[in-house]
Amino acid sequence: MILTGTIVKAVSGFYYVETTDGIYECRARGVFRNNKLTPLVGDHCEMEVLEESEQKGNVVKLLERKNAFVRPPVANIDQMGIVFAAAAPEPIPFLIDKLTVVAEHHHIKPFLVMNKTDLSSEIAEHLPKTYQLAGYRIFCVSAAERKGIEALKEQLQNQVTVFAGCSGVGKSSLLNLLGDDIRLETGGVSRKIQRGRHTTRTVELFSLGSETFVADSPGFSNLDIQDIRVTELEECFPELHEYIGKCRFRGCNHVSEPECAVREALEQGKIARSRYESYVQMYQILKEIKEWQR
Ligand SMILES: Nc1nc2c(ncn2[C@@H]2O[C@H](COP(=O)(O)OP(=O)(O)OP(=O)(O)O)[C@@H](O)[C@H]2O)c(=O)[nH]1
Ligand SMILES: [Mg+2]
Ligand SMILES: [Zn+2]
């Protein structure tokens, strides 16, 4: 019998496939080795049932992927919840923006989660407006006070979501509130593991009902912008889109050129300054990376 399902976990050669009949422990048949395709967590697959009673099977076919990451190894992500704390640790807009840019580059929809709203900092006060101007949804929550959790749950419905953000912002604490069966360690445990070499190797998808999965992996927080070409950067800032092609000079980089539509919008307050500053900082980094270094 052939069933279709989603790979939710991969551990030393075993793939755990969630189906409507429960989770099956599977091996991947040799056919994958021949065409150099490795099954990833998040893959939709066809599975041959070997032993119904013990829920064992073989992954026999991978269905087409929407997207895939190598580090961390995961496929078919719909959206990225970028988590930061209102304080402790204080938010660093550049790090948040790096994640929105990486998500956009992979055509994964980002949304923002400001956690620890039971605490406050001056910089956090500006961030909801900053990200709304960019067109992003932002959820203000507190895992400690269990505030804003229902709205966040709604955002996750029928999507595969990964949570990313700096260590200590409360990603695992939030996930524990989102699923009844999720019991992740909190309080900086993964911070210690994060220094190890194998941190980005594991991803597990947690099921929150049909077609709804969430993942917590330290690997997502280390995603970097290095693979993005400098010419692709403006595309990764949605609030710049309406100005692209309206600058005086063709190929304007929106950094120092005169009569730049982006910088005019910035002066008019239509683009948030911290987002523009992140754009310029990323532009400076990416323009130094030569094609042969990729
Ligand atoms: N005051 C306050 N503290 C919180 C809140 N949410 C989480 N914390 C605390 O923040 C610390 C870090 O939380 P974690 O959930 O482990 O953070 P994380 O993002 O998973 O961190 P890493 O796994 O290291 O990436 C813990 O001590 C939590 O108890 C909150 O809403 N308010
Ligand atoms: Mg954690
Ligand atoms: Zn320009």
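If you read the sequence from its start, that first residue is 1, and numbering goes on from there.
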**Prompt:** In this structure, which one of I182, V160, L205 forms a side chain to side chain contact (heavy atoms under 4.5 Å, CB included) with V214?
**Reply:** I182
**Complete:** The complete set of salt bridge (charged side-chain N to carboxylate O under 4.0 Å, His left out) pairs with one or both residues in residues 255-266, sequence neighbours excluded, reads R248-E259
**Asked** Does Y276 use its side chain to pair, donor to acceptor, with the backbone of H254 at less than 3.5 Å?
**Response** yes
**Prompt:** Who pairs with N115 by side-chain hydrogen bond (donor to acceptor under 3.5 Å, both in side chains), at least two apart in sequence or on another chain?
**Reply:** none
**Fill in**
Rounding to 0.5 Å, atoms OG (S274) and OH (Y279) come to a distance of 15.5 Å
**Request:** Report the residues that fulfil salt bridge (Lys or Arg N to Asp or Glu O under 4.0 Å) with E150, sequence neighbours left out, ordered by chain and then residue number.
**Result:** K153
**Request:** Verify, without hydrogens or angle tests, whether D43 (side chain) and L40 (backbone) share a donor-acceptor contact under 3.5 angstrom.
**Result:** yes
**Asked** Is H241 close to E234 at the side-chain level, that is, under 4.5 Å between some pair of heavy atoms?
**Response** no
**Message:** I'd like to know if the side chain of Q284 and the backbone of Q281 have a donor-acceptor N/O pair within less than 3.5 Å.
**Reply:** no
**Prompt:** Can you name the nearest heavy-atom pair linking F249 to P258, along with the distance?
**Reply:** CE1-CG, 3.5 Å
**Request:** To the nearest 0.5 Å, tell me how far L178 CG sits from F163 CZ.
**Result:** 5.5 Å
**Prompt:** Passes side-chain hydrogen bond (donor to acceptor under 3.5 Å, both in side chains), Q226 versus Q293? Steps please.
**Reply:** CA-CA 10 Å; Q226 309 290 335; Q293 290 174 307; over 6 Å; no
**Worked check of side-chain hydrogen bond (donor to acceptor under 3.5 Å, both in side chains) between E18 and S207** = CA-CA 9 Å; E18 179 150 328; S207 172; 3.1 Å; yes
**Asked** Can the positive tip of R27 be found less than 6.0 Å from the middle of the six-membered ring of Y15, inside 45° of the ring normal?
**Response** no
**Message:** Test of understanding: with side-chain hydrogen bond (donor to acceptor under 3.5 Å, both in side chains), list the residues that count as partners of E145, not counting sequence neighbours.
**Reply:** K147
**Item:** side chain to side chain contact (heavy atoms under 4.5 Å, CB included), paired with D78, selected from K66, H107, E211
**Value:** K66
**Item:** Set of side-chain hydrogen bond (donor to acceptor under 3.5 Å, both in side chains) partners for Q159, sequence neighbours left out
**Value:** none
**Request:** Walk me through it: do Y24 and E54 pass the test side-chain hydrogen bond (donor to acceptor under 3.5 Å, both in side chains)?
**Result:** CA-CA 8 Å; Y24 282 72; E54 292 180 47; over 6 Å; no
**Request:** Scan side-chain atoms only and decide if T161 and Q79 contain a donor-acceptor pair under the 3.5 Å cut-off.
**Result:** yes
**Prompt:** Any donor-acceptor pair under 3.5 Å linking the side chain of K109 with the backbone of M80?
**Reply:** no
**Complete:** Closest non-hydrogen atoms of A124 and P128, given as atom of the first, atom of the second and distance, are O-CD, 3.2 Å
**Message:** With side-chain hydrogen bond (donor to acceptor under 3.5 Å, both in side chains) as the criterion, how do D97 and Y131 come out once you've worked through the C-alpha distance, each side chain's angles and the decisive distance to 0.1 Å?
**Reply:** CA-CA 10 Å; D97 296 336; Y131 290 100; 2.6 Å; yes
**Message:** Tell me every residue that passes side-chain hydrogen bond (donor to acceptor under 3.5 Å, both in side chains) with Y16, counting only those two or more places apart in sequence or in another chain.
**Reply:** E25
**Asked** Are the side chain of N58 and the backbone N or O of A28 linked by a donor-acceptor pair below 3.5 Å?
**Response** no
**Request:** Look at the side chain of T117 and the backbone N and O of V141, then say whether any donor-acceptor pair between them is shorter than 3.5 Å.
**Result:** yes
**Item:** H44 (side chain) donor-acceptor with L62 (main chain) under 3.5 angstrom
**Value:** no
**Item:** Donor-acceptor contact present, side-chain K116 to main-chain A88, <3.5 Å
**Value:** yes
**Asked** With no hydrogens and no angle check, is any side-chain donor or acceptor of T19 less than 3.5 Å from a backbone partner on D21?
**Response** yes
**Message:** When you measure from the side chain of S121 to the backbone of A86, do you find a donor-acceptor pair of N or O atoms at a distance under 3.5 Å?
**Reply:** yes
**V17 and T6, any side-chain heavy atoms less than 4.5 Å apart** = no
